[in-house]
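What follows is one structure encoded as structure tokens, with my remarks underneath.
Just so it is clear, the model here is predicted, and its values are computed rather than measured.
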Amino acid sequence: MDTELLLKVAVSAGKVMTVLLVLSGSVAYLVLLERKVIAFMQSRLGPRRVGPSGLLQPIADGLKLFLKEDLVPAKADKWVFTLAPVVVIIPAFAAFAVVPFSGESFDVFGLTITPWITDINIGVLYILGISSLGVFGIIMAGWASNSKYPLLGSLRSAAQLISYEVPLGLSIIGVLMIAGTASMVGIVEAQRETGWWFFVPQFVGLFIFFVSGMAETNRAPFDLPEAETELVAGFHTEYSGMKFSFFFLAEYANMILVGCVATTLFMGGWMRPFPSVEALAWLNFLDFVHPFWSGFFWFAAKLFLVIFAFLWIRATFPRYRYDQLMHLGWKVLLPLSIVNVLVTAVVMLLMNSGSSA
Amino acid sequence: MTVNEPASTLDTDIMEVNMGPQHPSTHGVLRLKLKIDGETVVGCEPIIGYLHRGTEKLCESLSYPMVEPITDRLDYVCAMSENLGYMGAVEKLCGISVPERADFVRVIMVELNRIASHLLWLGTHALDIGAMTVFLYCFREREMILDLFEEFCGARLTYNAFRIGGLLEDLPPGWTGRCRQFLKVYPACQKEYEDLLTKNRIWLKRTKGIGVISGEEAVEIGLTGPSLRGSGVGYDVRKAHPYSVYKRFEFDVPTGENGDTYDRYLVRMEEMRQSLRIIEQALDTLPEGPIRAKVPNWLKPLKGEVYHSVESPRGEQGFYIVSDGTDKPYRMRFRGPSFANLQALPQLCVGHLVADVVALIGTLDIVLGDVDR
Amino acid sequence: MNEETKGGAPPAGGEGEKPAPRPAPRARTGGLSEEELTKEVPSRVVERLKSSFPDAIEEVTYFAGNPIVVVKTDRLIEVMSFLKNDADLYMRQLADLCGADYPDRPQRFELIYQPNSIRHGHRITLKIRIAEGEEAPSLTGVWKSANWFEREAYDMLGIRFKGHPNLTRILLSDDWVGHPLRKEYPTEGRPEDHMLLRDPGFRPPDIMTGDLPFKP
């Protein structure tokens, strides 16, 4: 009994460590990817000096941030100032606990290891709840800096995050209604059962989720809290060194998180395209290594697609203004998401009554 | 305008924010003292002079030809226009007439420089509003123009390209061909920027109805150049007081209707096309002949004073020279268009949001070297 | 170079197509002669001014086709308002305003205005002369654009304008001593020799506490 528990804890801890490490690495390389992709769109080359075609650039950046002097402004509130980046980064990473990275478990030394840290039956709610905690850190950072630009930036940020939380949550409800579960794994399985990915019936939901997700992660064109040309650097103007890099990591981790959630909820998670069509089984070509890798491959591919769209949009659009952003959130996305929920409900009701009659 | 809502009944404090002199979007060392209520600007006071170099005083101890490199450094983004304006003023003061070929080459250079300057404006303006790709596209094309300039006069920013009475050197062999090559590729490039911006909904939202100024007010406050023409006043020094050989070319003076940031954007975009037209005509009719009138190196104009102005990409660039009959100007006055245009900023800003201030600095297209002199 | 200037030899040659009579020996431009440059040109603005304000005009000269009108200082605002509002002239824009310093004259400063008509496309140069210590009338009530130009003239030459809403330094810092465009302002030597650059008693406003004076 005791050994079993200990083993369970050890396996969980191992999985947490793996996810943390892989996530930190992918965040670092996401920065490189962003720079390369945007450079390509802007007809330049991007980083090329460190390592072959710039592949070691994230490591150099990380080293630079680690070794930089850690400044605290003289008039800042030291405790809150130090606490803020921690409050931002912990939820950003904690939310990954329920993301299913692949479908197939694998066995090591007789232990079955599932490709997710945990599968709780309120996974989606957990993600929503945890990820909205980050806003506290941003407000703390803006307040503790005791400087005007960070204060403006954090006010903008708080208003923006809270406003877009609402349509973001509502856009998911349609999916939950169809799937009938709030477990992340359960939702993917539901997509296998219904035969199509949920972005087909829930394309409005996906659109709202995507736009709100961009706003939640402060990505362009909603990057007002750190609008470089207006507020210098927004809430993290006064930060440097490691503390700054925490904000940085958190932002990109959040971006990956939105990508993961979109992939899981709307794009079939780890499943290959058309999972019910047997003729396309060769798409899981990594099965010869282990079915885990096939699932992971498809998950990563879809994630890449979502993130590429993020980068693409950043390179294309100008920035919204504060009042326009609020207008979009409350007067366009919120009603749209409510209508989406209602329409989904009505359609489901009609279909169910049709089948039962 | 959606932003001019009446103040709420909440008791709010007014915050004073220093924007600049080191700020990413003040285009140099402009400092704005902003009074903001939440995010709404209720007061704005530009503080300038951080780049003041005392050029007007400096010119009093330099001979006329020695002043020319200084004019480069006034409005360093369009140094060709400054050169042309100063040359025009001195030539007017001395009554020198310039050989035709030199005049044509000057016009070609100035119009190329106008495109380069507008490209820099467009790039930074778009970057301020958040569209970062346009910035790099603009610099790609500006590079081509700078290469042409480098070939002609050896410099890429401060050209010092003309001389009193004409040019120092003729166009290098093959230059006209390369210039035509540029004229051929450029329209497609401009279409790229327009694709990214002109119909972009966010761009429209950010620029339409922002910083509206009527034509009457714009004239009153001293706006010139595209900022004035965006308000529908078709005043262009090239047409109103033709200098050099502008009379010979056909071109339109585009004007806006609403006097907002979007119209000023459209005016400048159209101006680039008109500049292309002028360059094309000038290249087609480029005469052969001498490039410099006979002017003594040690120039001593008569006692007298002239005001001469040219249409720089930013507006009316005036030069007022008082000569006392010696080889040095007694008083040299540079009328910078940016200086006069910047004066309109407080009027434009009030009632808008902080984010719009950035757009408005961009739309006035100021160059601090020209403001502070 | 030097012997040329000293010798006062005729210029290297005028324009080919215009064999102008040789100008006065002082001018070495290779361009037009003095007579041609200072020739009177017909100008509507000058005519109207002469007929409407015969007593306000002190002097009219011409140079390079541009009329230069000197008016009496106390009549300036009247003349300018006329230029701006008269339907026939309609000079709605003040293109430039600057000062010049002539220390030898009894009325030391000249203020030079460049009103400009956008509708009719004509412009003239208008001047007033004021002595040291005298206040010039401020044009801010006529043209808003005069505001900064007058501040600049004050900053550079120390000319005070009566009725200006905010006559402070604009280009130089507030603790600057002296007015650089005056002819006696030193241009050589070390700053400490002139004891001009900074006023040691000046205290800038404290930016951190936020009590910035605010005068747009």
Side-chain angles (χ1 to χ4, degrees), chain A residues 34-35 37-46 142 146-160 211 214-215 218-234 237 311-328 330-332, chain B residues 1-5 15-20 22-27 34 36 38-41 123-141 143 189 192 195-197 200-210 265 352-359 361-362:
Chain A
E34 170 166 37
R35 290 173 69 176
V37 166
I38 290 186
F40 166 70
M41 288 175 181
Q42 295 171 340
S43 61
R44 2 179 224 120
L45 291 169
N146 199 3
S147 167
K148 285 168 182 172
Y149 284 116
L151 185 64
L152 275 176
S154 72
L155 280 178
R156 280 182 176 191
S157 191
Q160 175 179 338
V211 173
M214 268 193 297
N218 297 337
R219 295 290 304 174
F222 305 104
D223 54 345
L224 298 141
E226 48 208 278
E228 190 193 332
T229 45
E230 295 155 24
L231 299 181
V232 191
T237 305
L311 304 181
W312 193 359
I313 285 170
R314 178 175 172 202
T316 312
F317 285 113
R319 184 182 301 119
Y320 266 109
R321 208 174 58 198
Y322 181 66
D323 58 326
Q324 293 163 352
L325 176 96
M326 289 293 147
H327 183 275
L328 183 72
W330 289 106
K331 294 189 187 166
V332 180
Chain B
M1 290 206 300
T2 53
V3 289
N4 282 331
E5 283 159 10
M15 182 156 82
E16 280 177 3
V17 175
N18 245 327
M19 206 169 181
Q22 284 133 359
H23 186 280
S25 62
T26 49
H27 296 213
L34 291 180
I36 55 177
E39 287 241 354
T40 314
V41 178
T124 49
H125 187 37
L127 187 68
D128 286 347
I129 296 185
M132 65 190 285
T133 304
V134 181
F135 178 73
L136 286 136
Y137 284 179
C138 287
F139 267 62
R140 189 182 59 195
E141 271 73 68
E143 192 68 19
C189 301
E192 265 184 17
D195 285 347
L196 275 168
L197 298 177
N200 186 324
R201 283 182 63 91
I202 304 181
W203 180 261
L204 291 174
K205 272 191 168 181
R206 287 300 304 273
T207 52
K208 275 212 162 172
I210 303 299
Y265 156 79
H352 287 297
L353 300 182
V354 178
D356 294 327
V357 175
V358 169
I361 298 174

Checklist entry - Under the side chain to side chain contact (heavy atoms under 4.5 Å, CB included) criterion, do B:F139 and A:Q42 qualify, and how do the steps go? => result CA-CA 11 Å; B:F139 267 62; A:Q42 295 171 340; over 6 Å; no
Checklist entry - Between A:R321 and B:R206, does a side chain to side chain contact (heavy atoms under 4.5 Å, CB included) hold up when you go through it step by step? => result CA-CA 7 Å; A:R321 208 174 58 198; B:R206 287 300 304 273; 3.7 Å; yes
Next on the checklist: Please enumerate all residues that pass side chain to side chain contact (heavy atoms under 4.5 Å, CB included) together with A:A39, with sequence neighbours excluded.
Outcome noted: A:R44
Checklist entry - Atom NZ in B:K205, atom CG in A:L325: separation rounded to 0.5 Å? => result 9.5 Å
Next on the checklist: Testing the basics here: between B:D128 and A:R319, what is the closest heavy-atom pair and its distance to 0.1 Å?
Outcome noted: O-NH1, 3.6 Å
Checklist entry - For A:A215, which residues count as a side chain to side chain contact (heavy atoms under 4.5 Å, CB included) partner, sequence neighbours excluded? => result A:Q160, A:Y164, A:F222
Next on the checklist: Taking side chain as everything from C-beta outward and backbone as N, CA, C, O, which of these in A:L155 sits under 4.5 Å from a heavy atom of chain B? Side chain, backbone, both or neither.
Outcome noted: neither
Item to check | Atom pair CZ (A:F317) and CD1 (B:I202), whose distance is rounded to the nearest 0.5 Å | outcome: 5.5 Å
Checklist entry - Hey, which of B:I36, B:L196, B:L197, B:N200 has the most heavy atom pairs under 4.5 Å with chain A? => result B:N200
Checklist entry - Atom CD1 of B:I129 and atom OH of A:Y320: how far apart are they, to the nearest 0.5 Å? => result 13.5 Å
